[in-house]
Amino acid sequence: MTEASLLNISLVILFLPLLGFAALIFLGKKIPGSHWLETFIMFSALCLSIYVGFGKLSYYVGKDLISQLTWISLPNVPLLGNINMDLGIKIDNLTAIMLFVVTLISFLVHLFSIEYMKGDSRYSRYYAYLGIFTFSMLGIVLTHNILMMYIFWELVGLSSYLLIGFWFEKKSASDASKKAFLVNRVGDTGMFIGIMILFTNYHTFTFDTIYAQIAAGHLPFNSPAWLTAAGILIFMGAVGKSAQFPLHVWLPDAMEGPTPVSALIHAATMVAAGVYLVARIFVMLTADAMLTIAIIGMVTSFIAATIALTQNDIKKVLAYSTVSQLGYMIMAMGVGAYQYAFFHLVTHAFFKACLFLGSGSVIHAMHHEQDIRKMGGLRKKLPITYATFLTATLAISGVPFTSGFLSKDGLLAGTYAFGLLTGHWIIPAVAFLVALMTAFYMFRLVIITFHGTPRDEHKYDHAHESPFVMALPLVVLATLSVFFWYGTNPMNPSSGWFLSKWVKTPATVVPQQQRFDFMKTEVKEAGAVEETKTAEAAETETVTHSEHYMHAMHQAHYPAMGLSIILGGLGILLAFAMYQWKKIDADKLAEKLGPLYRFSLNKWYIDELYGATFIGGTLALSRALAWFDSKVVDGIVNGTATLTRGLSNIGGLFDKYIVDGMVNGAAYLSGFIGLFFRRFQTGKVQTYVVFVVFSVIILLFIFRPFGF
Amino acid sequence: MNIYDIVFYLFAAITLVSAFVVVTARNIVYSAFSLLFTFFGVAGLYVLLGADFIAVVQLMVYVGGILVLILFGVMLTNKITSIQIKTGTLQIVPAILGAALMAGVLIKIFAGTNWKSQLAQYPAQTTAYALGRVLLTDYVLIFELLGILLLIALIGAATIARKEEKAG
Amino acid sequence: MAYFPILSFITFLPVLGMLIILMLPGKQEKLIKVLTAVITGLQVVLAGIILHSYNYSLAGVFQQNSFQFIEKFRWIEISGLSWLGTVKVDYFLGIDGISAPMVLLTALISFIATLSSWNISKSVKGFFALFLLLDTGMMGVFVSLDFFLFYVFWELMLLPMYFLIGIWGGPRKEYAAIKFFIYTLVGSVFMLLVMIGLYFSAKEMLPNGTSAFTFNLLSLMDPKNYTATGILSPFNPHNLRFVAYIALFVGFAIKIPMFPFHTWLPDAHVEAPTPISVILAGVLLKMGTYGIIRISYPIFPEITRQLAWFIALFGMINIIYGALCALAQKDFKKMIAYSSVSHMGYVLLGMASLTTVGLNGAIFQMFNHGTITAMLFLIVGVVYDRTHTRGLDDFGGLALKMPVYTFFVTIAFFAAIGLPSMSGFISESFVFLGSFSQDSIRTITMFSTLGILLGAGYMLWALQRVFLGKFNEKWNMLTDLTVREYLMFIPLTIVIFLLGIYPSGMINIMNTSVNSLVDFMNKMPAQFSMLGKF
Amino acid sequence: MVQVGLTHFLVISAILFSLGIFGIVTRKNAVMVLMGLELILNSANINFVAFSRYGNFGLNGQVVALFVIVLAAAEAAIALAIVLNIYKTFTTVNVDEIDKLKE
Amino acid sequence: MEFNTIYNNLFYLVPEIAVSAFLLLVVLADLILGNNKKLLPYLSIAGMIVAGFCVMNQMTFSGAVFSLSGGQAKSFGMVTVDSFGAFFKLLVIVSTVLVILFSFDSEEIKKSTSRQGEYYTLILGMVLGMFLMISATDLILIYLSLELMSLSSYVLAGFTKLRDRNSEAALKYLIYGAVSSGLMLFGISIVYGMTGSTNLYEINALLKSPETNLLPLGFAGILIFAGIGYKISTAPFHFWTPDVYEGAPITVTAFLSVASKAAGFALLVRFIKVTFVSSVAPSGHWMLLPVFPWKELLIVISILTMTLGNFTALWQNNLKRMLAYSSIAHAGYLLLTIAVLSNQGLIAMLVYFGIYAFMNLGAFFIVMIIANKIGSENLEDYKGLGYSMPFLGVTFGMFLVSLIGLPPSAGFIGKLYLFIALVDANMIAVAVIALLNTVVSLYYYIRVLKEMFLSKPTGEPVSLKLSPLSFVMILVMLAPIVIFGVYFTPIVDFAKSCVTILGM
């Protein structure tokens, strides 16, 4: 289990899906069991990544494995010397974990799809797309430089485009895919500018090299402001991919794609890539950048949660919950709760995937009915689905003994501590509020879907539990959303191996005065050192968080936990009250809060807003410009042409004289000169003679010989 | 005012007056005939200039040849009886202007220039001999050339004038 | 290898073909087409040979000794003049890292265009004869190192193009052809004036010790050669170099086409037959930018530095303006025409950066845009041949009927959008990286990145309107690609991906030259503007 | 009255010349135009002869005059042929009406 | 001047003699053979070829013959044989042969088979006239040879009497020509009066003496220039050109536009060079005698000419007429080469003329073929001819391109040499004007192509079966246009070897 072997194997993992893609796209129709092939490929990839993860986390836990090769080299550039652009992979703990997560979920989704997508006309194409997606996602996970990150970023965008628009016959689907790609492009553009800033200053794309230079005190354009800018701009990429406000609009629409796809891409992996990116650039984030990120995350989670409250499409609800959870993670990153953010990313990946696949099986059972108001009482029909779905719901609501509880609680604690340290109390406040809402709408969903009495008898009767290949993934994922995978202590995540051993907050490289106070490294006086921390410090020789941050975390831990449990419970209670026991009439309530309700139901009218402003504006502008171009520019630049037309309309000789006319206005002059000369050609020879005689005389007078 | 002068002015008068008639007469026949006098007058001037042979040739070729040709032309292209015979004139003004200017310029030049003038003696006998010698020695080339020129003129005139037979 | 005049060969091979074709009877259409294909194919082979035996370590740009495949001999020599001394024009060919990609591009595109012109039916003989003549013109422009020769080839290209558009074009071909002709002519008149001005400003040493005015581009790049009084000589305190630069730039800008001189392009494209659009977008547009890099830059380095900002500005305008116009088009072909305007904007931007990365990007972008846009026009051609309509809204759901076609379309479109792993991405990022690293135009660069977004916008919209959504039953008779069309698309696709995944293949060729050019542009202005006056 | 000299002859030829031009320009009838031409030739001839006498240039002048006369004959021949031809085709010899070819 | 000297002198006149001999042969053959006219053209071609050989032999000669016994010592004689003359004679011969070949295909000439004898006789007559014009150095000879040529061309212009425009052309040409030559003669008489000689060399010698009175000389100069200018149709003596070119049979038009123009130019050059140039500087520039401002005159005239030609051509719809104006314009360019007054200019002129001959003849020839087919020379009737007659269309296009002077056609080279000569003589402004004129000329040439290729055919498409002869001829005339366009060293070297004008 040498480094080289691990690196090579992870390369194999990376390229296996691409292989599958190539195979399926070109001869998918010819291979009968092509989907099995692809699934098998994913399975082997999974095994390999388990192997890699195991090796990495058990043998090289504190060490980053890197291998790279020069892709483009620009030798002896004037003033800059050599510029090299490398391709390379880097395996650190994050990578190892992500490898596992991605391959696992991808595999499960493959498995799930075998039944779900059966009989689709473009069956093999579907698997091909899944393959290219997995490839790009793994690329993001593995890469060690930001250019490659960007490349795979775009490729992921492409595959998401293809998968969302998989049923492109539906206008809505092709619209959604286009929207997704474009909205992502917005973020990516920002990200690219960020990359440009880095490259311009460091002439490389490799993270470590860049960070090393920053640590050495070489700031972009020698100003911390640019560093902040770089951070925020790159973060914009994450805003796009992780559907953060204001670019979150694409994700709900993306639900037009097949449900397994939603599970894989739009719940578990791709959207998480944004968080992963932030984790990657975490060390170069200045305080301002982090605050921005935190706020954006906060806003996102809040908006999404509020919207999720009122949606009736099962997938829409899940979509918005995803958005809000992603907002959580981003927020956590922003407040410096790096570990918990990533932790939540992993746990969320599992239970959200579970939820989506569950919804998939529901939809499958209901013959592609997605409106929860037409469901109900499915509990009996779909026991497995129900069980798994419920587990995942508990997890997302942060009920104890679930993985969700662990990560979410830590995350909330992080925000709480942040409040303590910086006084930005708004962030924790919103965070907890969202926790409440989450619990509420998730249980609303469960209750309306599975409990009560069926509303659509006909569909209900035909509903049936999903076959094994669909059930299996649900079960796996459900089990994965239970606490013991992550740590022995169901109450305190940080003691679990996941956080204590694998995921460490990396040392920031930002100059001191640009950090939050609590992230400043200060000389530690011997007394106040906790043993746990020293142990950590001993393991990773970097100190990221100051003493009193740790202190604050401990201080925040239990209040946060308690608060979250209470709020979660409250939310669940509320849900039951309203939809199970009908104590509170939901519709009445809705009427009472009419405006608010509609506001939430219509997703804060954000789509309409964008439609009116950006999209409408651009299209209008483009139309105006096109007119301007054809009329004005054309008109002015070859105005002579129009001039020609105007002048030579006499006799409608436009075509005849266009050649004379168009070159330039002189053409007219020339024409008239011509006419003038033509006058002389009267055809009367005697007139000619007169001319000759006169011209002789005139010539004599002009060229009077010298001395005349 | 010796006899020479008188004769000169006489011929000059004849020449110019008749020439004037030529270019102004409304009746083409008149002008044709007055052209005769012009030629005659010019011939006279030649004599005064001691160019007897030229004078003779002038009379023979011009009067005997060209003038007859012209008269033929007149006859062939006009019916004496028709009104056609009176031909109009056109662009008088520019013509007068041009002609006057030209004459003015020429006279100015001719008068204003001091030509190298050493009066040649009248030839003792007719110039025919001398001319003949010169023609066949110094100017033999041109002499031959004129032969060809006349041939060409002959052929050309024939080509143009002869009736086009509808062949080919 | 060095002794074989391969450049002359690759340049005049088409003329040979043209003569043969003119000899052939007009009825032998098949033969003529095959012949043309063979000729252009041979060109590709020759280009391959050239690249194969190309020495990456030689820079070229301004030293003759590091140009490659040089052919130089006296073409015109008029001696015994009084103050002109000896008037001479050299037949001077040679390539360096800047022109080598263009040569390859020209060969490739010509070949593809030949294939795509297979179903030309109207007076085939004339078409292919003119086509080959055009080919020679384009090739010549890229290989000639003597301004006069350059100009001759430039003009040579003009007439065939005029007829190819004017005869085989669409309904308004006449208008389009004349518009193209007039624009280009005006441009070349400007160029001519500058050329003459330069000619009378620089003298070059002849072997026999006397010095003579020169058209030799390399000599014109050396300030030492300029006379004290020449109208465009930097030593002349009242020189007109600035004006000349503008004039020359306009001359080239018309070809690029740079806003606001771009309006001939949409008309020409819409009216021109597919192969000609391919040539037009694939090669002709590059001549403008190539000319600027090859001539304006090294000959007027100081003014270039002065005006780099404006060049970048126009680049930005091109990018955004073109993209917005494309967004509004209803005509498939017109949209792609405007997309060319937008994409050429990247080239301008990269050039303006005057950095290695930027210039590499610019030239690389020239090549990539050549291939990608060629493919786009071929795509339009395919659907136009079948349906004789180009309205973006007349279609819909073609993906169902023509999956393979759609496959290639998707590739081409995403390549145009600049998706990674395709060549367009590399060049565009290089352009941006380069121009961003130039302080003066950083802001412009940031705005230009809007182009990435808008580009994706109109491309995807078009993709959706034509290929996705409900299938329009009207086009039931549509058939998928034929073998010939495969032959057109596959090579381009391969090139696009190859250069996207292994860009070094192209960049290594350019880099040395670009480096020395950038170096030149950094060092020279001091010498050129030694009187501190432009 | 002054002694008649070279100038007198020249003046005559000058006037003759001008009259010739006048005739050519003014007369409609082609034949009369030809007469004008003859006048011009004659005036030139007068010059030659006069010069050759007063400048004492030998006989060249007279020879030239001789040639010119011959030439005049030839020209007249062709001219009239053409005029006749015109008459045949246009049934008029009015030069001013023969202006189909113009501009 | 004794008989044997004459005999010796004749040796220099072999080409002229050959031409005259064949002229007579043609006449006789015409009479003997009766209705069988097939032989005549070949006979005349043979004559041209023989004459051609004689001229070749004279390439290296340089001498003047038929000097007047009475004249001054300086007198060289009235005929000068030198390489310059030889060049133009060859040009005349070539164009004559081509024109004769044209006549095979010309409908107009075919119509009047019975008079073909006269036709070829007259052409030979013209050739003789041109030969003498080219080499004459005596004003009388100049005048008479010019008249010889004119008389023949008057007749030829009206040769096909069936169409009234021919007769009209003939009449106009006649009257106009007669007047101009009359003016010229008068001018000559004045010169004679001043110098007592008609021999250019003598005149030159006399002009060097201080007490020349300039006024009459100037006037005489202008009058003589009027005579020559009418031959080479420069404004303001060009008026006959369009009418006659349009009216005359195309073969004759072509002939006039090339051969007689060439002769006229040769004459003009020789006249100015021999008469008014005192010496040639080593730099090749001609030292003009301070008696008359020829340079200025020529510049003004040429600018006027080319401008008028080009701009008026813009409005022409009759191809022949348009070409007439274009040939006027070209005369303007050519005049500039003389205005340079240097050997360089002379080289430029020869090069230009060598090329001009081919492209102009070619253009006229194609116009003729098309006219034979569609019976019209109007631009409207050329619509879409590019398709119905692709070969003609393309070749015509090439000729026009060459006439414009776009690279890489030979026309460009001609222009190039012209402009270089101008710039070298510091006549930048003139060069620019000429350049602008070229641009203007572009419009009307392009217009033709536009009609041929870009316009819908109006009538039913005409198809043309090209006779092999004309096919070959077009190629023959096209070859130099294309070849000299890229490789023109031969013609340039030839021109360089032909700039020696006897005298000085």
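All figures in this text were calculated on a predicted structure; none of them were measured in a lab.
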Working to the nearest 0.5 angstrom, can you tell me the gap between [X] [atom1] and [Y] [atom2]?
X	Y	atom1	atom2	answer
D:H8	B:Y9	NE2	OH	3.5 Å
D:L10	B:I107	CG	CD1	10.5 Å
B:Y139	D:L66	OH	CG	11.5 Å
D:M32	B:Y30	CE	OH	12.0 Å
D:K28	B:I28	NZ	CD1	13.0 Å
D:I15	B:L106	CD1	CG	10.0 Å

So which atom in [X] and which in [Y] form the shortest heavy-atom distance, rounded to 0.1 Å?
X	Y	result
D:L16	B:A19	CD1-CB, 3.5 Å
B:L150	D:A74	CD2-CB, 3.9 Å
D:G23	B:V23	CA-CG1, 3.6 Å
B:I96	D:F22	CG1-CE1, 3.5 Å
D:A65	B:I54	CB-CG2, 4.1 Å
D:K88	B:A161	NZ-O, 3.2 Å

Which bit of [X] is near chain D, if near means a heavy-atom gap under 4.5 Å: side chain, backbone, both or neither?
X	result
B:L131	both
B:L45	both
B:A32	both
B:L16	both
B:F72	neither
B:V22	both
B:Y62	side chain

Practice task
Ignoring hydrogens and angles, state whether a donor on the side chain of B:Q58 or D:N42 is under 3.5 Å from an acceptor on the partner side chain.
Solution key: yes
Problem - Most contacts with chain D, counted as non-hydrogen pairs under 4.5 angstrom, among B:I142, B:T113, B:I152, B:L145 - result: B:I142
Handout entry: Partner chain D: residue of B:S31, B:A12, B:G73 with the largest heavy-atom pair count (under 4.5 Å)
Key = B:S31
Exercise for the section: Evaluate the side-chain contact (heavy atoms from CB on, under 4.5 Å) criterion for residues D:L39 and B:L35: first the C-alpha distance (whole Å), next the side-chain angles of each, then the deciding distance (0.1 Å), finally the verdict. Expected result: CA-CA 9 Å; D:L39 291 187; B:L35 188 60; 3.9 Å; yes
A quick test of your reading: do over 12 heavy atoms of other residues, nucleotides or ligands sit less than 6.0 Å from [atom1] of [X]?
X	atom1	answer
B:F33	CZ	no
B:Y129	OH	no
B:F110	CZ	yes

Which bit of [X] is near chain B, if near means a heavy-atom gap under 4.5 Å: side chain, backbone, both or neither?
X	answer
D:I82	both
D:S43	neither
D:F67	both
D:F51	side chain
D:L80	side chain
D:A30	neither
D:I21	side chain

So which of [options] has the largest heavy-atom pair count under 4.5 angstrom toward chain B?
options	value
D:N45, D:V83, D:D96	D:N45
D:L34, D:V31, D:I24	D:V31
D:L84, D:L71, D:I86	D:L84
D:A14, D:G58, D:G20, D:A79	D:A14

Exercise for the section: Return yes if some donor-acceptor pair links the side-chain N/O of D:R53 with the main-chain N/O of B:A51 below 3.5 Å, else return no. Expected result: no
Exercise for the section: Apply side-chain contact (heavy atoms from CB on, under 4.5 Å) to D:T26 and B:I92, showing your working. Expected result: CA-CA 6 Å; D:T26 50; B:I92 291 294; 4.0 Å; yes
Handout entry: Within-4.5 Å side-chain heavy-atom neighbours: B:F143 and D:V70
Key = no
Exercise for the section: Using a 4.5 Å cut-off on heavy atoms from C-beta on, say whether the side chain of D:I78 contacts that of B:I160. Expected result: no
Completion exercise
Per side-chain contact (heavy atoms from CB on, under 4.5 Å), D:E38 is matched among B:L67, B:I66, B:T38 by B:I66
